[in-house]
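First comes the structure, then the notes that go with it.
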Amino acid sequence: MGRIIKRYVLWNNKGGVGKSTLSFHLGSLYAETHPNEKVIILDLCPQANSTMMYLGGGTKGENNLINLQQQTNPRTLVGFISHQLTQIGATQITPVNASQFLHQASQYNPQIPDNVFLIPGDGNLEIVLSPMAYYANPQAMYNTWRNVLLWARDLCDLVAQQLDGEIVIFIDTNPSFALYTQQAIVAADSIIVPFNADDSSRTGVGALFGLIYGLNVPHPVYQNYTFAQLAKNANLPLPQIHQFVGNRFTQFSGTARAFAGLATEIQGTAWNAYNIDPTKFTSRTSSITSASDFTSNYCVDLRDFNSAGVVATNYGIPLSKLASGHYYIYGTRTQVNPDQVSACNTALNNVVKVL
């Protein structure tokens, strides 16, 4: 039986910051550099982009996912949720075979290390959101909010029993703070926060603290309905912030100086939150007494991956295995040069080192 030693969720309350791309690259690289550990990827985003990357990328990954979704009992996250929904109020509990939802990624995509296992995302997650929300309503007759919030964590515990040795989990998310995102938060012990250097990311990072940990000044009316208060009432521990990843390989196209300026503002928002309550952050061995100490310990900057990143995700190839040369993406010839790949791998290794 495996033992889960780390649980990371990648989340920011903003889309387009690279959560799925980072889930793919970090999970693959961590598995490659820690061959004696098992890596589980849990995809809690209904777009299932990281799932499709792990399953082969592009149309291959999409078709592999469709095959898993369309089985009578879907072999995806939604299959597990569907089972859990049938158990609410049941007089006799039916055990679930968790192994049907766990897939060795290399069986679909030989570019992925053999120690990577995937719990696939599923677009039907949006459909099952409605019944989940009904039973998660704290005022509903079944009052199962805590149980429903723990489903993702429960699934991780169940599939860990199918593996041997030490296990690390990476959880991909949707930018919204929907119920399935809250399940992802509760399933993790640590949060990795990707961000772009733009004002939307700055406000997203600020919102993250309020959504997860609650408002600094409680509201007299809706405070009791916040996720933070409900989690406190249900005695659910919340994960700590582990790392901020300034991500230039998504949409940022401005100058390096502009990127650095906005990144500094975002890091300042996080530093202020640390000053208010450092217990919301994972511990470090060094003393944190200044903004520069905080940045060096909690913030990592990724360079722009350009064409290398596009090719890697489209082909489902981890950057550590991406060869330089020409690739075709839906008929368009794309060039990947070796210096770019080398620089990308150096940047990703800097992130993996702090996990």
Side-chain angles (χ1 to χ4, degrees), residues 8-30 32-33 50 170 172-173 175 190-209 240-275 281-282 284-286 288-310 312-313 318-320 322 336-355:
Y8 296 104
V9 61
L10 289 88
W11 186 62
N12 188 340
N13 189 221
K14 178 187 181 298
V17 295
K19 292 182 293 294
S20 296
T21 305
L22 268 177
S23 297
F24 174 66
H25 288 308
L26 289 185
S28 299
L29 184 58
Y30 187 95
E32 184 179 322
T33 54
S50 59
F170 292 92
D172 192 16
T173 58
S190 303
I191 307 174
I192 298 171
V193 186
F195 67 87
N196 294 137
D198 55 34
D199 284 321
S200 295
S201 278
R202 180 176 56 79
T203 56
V205 168
L208 178 148
F209 288 96
Q240 296 172 298
I241 303 292
H242 184 72
Q243 202 73 32
F244 292 88
V245 180
N247 179 6
R248 275 191 262 189
F249 67 66
T250 51
Q251 299 172 349
F252 190 82
S253 58
T255 65
R257 179 175 296 179
F259 181 94
L262 279 162
T264 299
E265 286 294 316
I266 292 167
Q267 291 161 1
T269 298
W271 164 239
N272 289 336
Y274 181 89
N275 277 319
F281 295 76
T282 56
R284 296 293 189 271
T285 55
S286 58
I288 311 295
T289 59
S290 67
S292 60
D293 290 341
F294 177 85
T295 299
S296 62
N297 279 273
Y298 288 97
C299 304
V300 179
D301 183 17
L302 289 181
R303 57 162 284 123
D304 190 344
F305 285 14
N306 294 319
S307 57
V310 174
T313 55
L319 280 162
S320 62
L322 184 66
V336 174
N337 66 65
D339 291 340
Q340 185 185 54
V341 174
S342 177
C344 292
N345 282 313
T346 298
L348 279 172
N349 272 288
N350 288 336
V351 180
V352 170
K353 286 176 183 177
V354 300
L355 299 180

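For the numbers below, each heavy atom of this structure counts, side chains included, while hydrogens, waters and symmetry mates do not. A quick note: this is a predicted structure, and the numbers were derived from the prediction, not measured.
Using modelled atom types, one side-chain atom of Asn12 and one backbone atom of Pro194 make a donor-acceptor pair closer than 3.5 Å. Without hydrogens or angle criteria, Gln243 side chain to Val351 main chain gives no donor-acceptor distance under 3.5 Å.
Closest approach of Ser50 to Ser23, counting heavy atoms only: CB-CB, 4.2 Å. The two residues Ala312 and Phe24 come nearest to each other via the heavy atoms O-CE2, 4.1 Å. The nearest pair of heavy atoms linking Asn349 to Leu29 is N-CD2, 3.8 Å. When all heavy atoms of His25 and Pro318 are compared, the pair lying nearest together is ND1-CA, 4.3 Å. Taking all atoms of both residues into account, the shortest heavy-atom contact from Tyr8 to His242 is CE2-CD2, 4.0 Å. The two residues Val341 and Leu319 have their closest heavy-atom pair at CG1-O, 3.7 Å.
Residues Leu208 and Ile241 are in side-chain contact: their nearest non-hydrogen atoms beyond the backbone lie under 4.5 Å apart. Taking 4.5 Å as the limit, every side-chain heavy atom of Ser190 sits out of range of all side-chain heavy atoms of Gln240. Residues Val245 and Val193 are not in side-chain contact: their nearest non-hydrogen atoms beyond the backbone lie 4.5 Å or more apart. Looking only at side-chain heavy atoms (C-beta outward), Tyr298 and Thr282 come within less than 4.5 Å of each other. In this structure the side chain of Trp11 never reaches within 4.5 angstrom of the side chain of Ile192, judged on heavy atoms.
Within the model, atoms CD of Gln267 and OG1 of Thr295 stand 4.5 Å from one another, a figure rounded to the nearest 0.5 Å. One distance of note links CG of Leu10 with CG of Leu26; it measures 6.5 Å at 0.5 Å rounding. Between the CG atom in Asn13 and the CZ atom in Phe209 there is a gap of 12.5 Å [rounded to 0.5 Å]. Taken from NZ in Lys353 to CG in Leu348, the straight-line distance is 11.5 Å, to the nearest 0.5 Å.
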Item to check | side-chain contact (heavy atoms from CB on, under 4.5 Å) between Trp271 and Ile288, worked out | outcome: CA-CA 10 Å; Trp271 164 239; Ile288 311 295; 3.9 Å; yes
Next on the checklist: The test is side-chain contact (heavy atoms from CB on, under 4.5 Å); show your working for Leu22 and Val17 and say whether it passes.
Outcome noted: CA-CA 9 Å; Leu22 268 177; Val17 295; over 6 Å; no
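A side-chain donor from one of Glu32 and Ser320 sits under 3.5 Å from a side-chain acceptor of the other. A donor atom on one side chain and an acceptor atom on the other are found under 3.5 Å apart for Ser286 and Asn297.
Residues forming a side chain to side chain donor-acceptor pair (under 3.5 Å) with Thr269 (at least two apart in sequence, or on another chain): none. Under the rule for a side chain to side chain donor-acceptor pair (under 3.5 Å), Asn275 has no partner lying at least two apart in sequence or in another chain. Residues meeting the side-chain contact (heavy atoms from CB on, under 4.5 Å) test with Ser292, sequence neighbours left out: Ser290.
The aromatic rings of Phe244 and Phe281 sit tilted, their planes meeting at an angle between 30° and 60°. Aromatic ring orientation, Tyr30 versus Phe170: perpendicular (interplanar angle above 60°, classes split at 30° and 60°).
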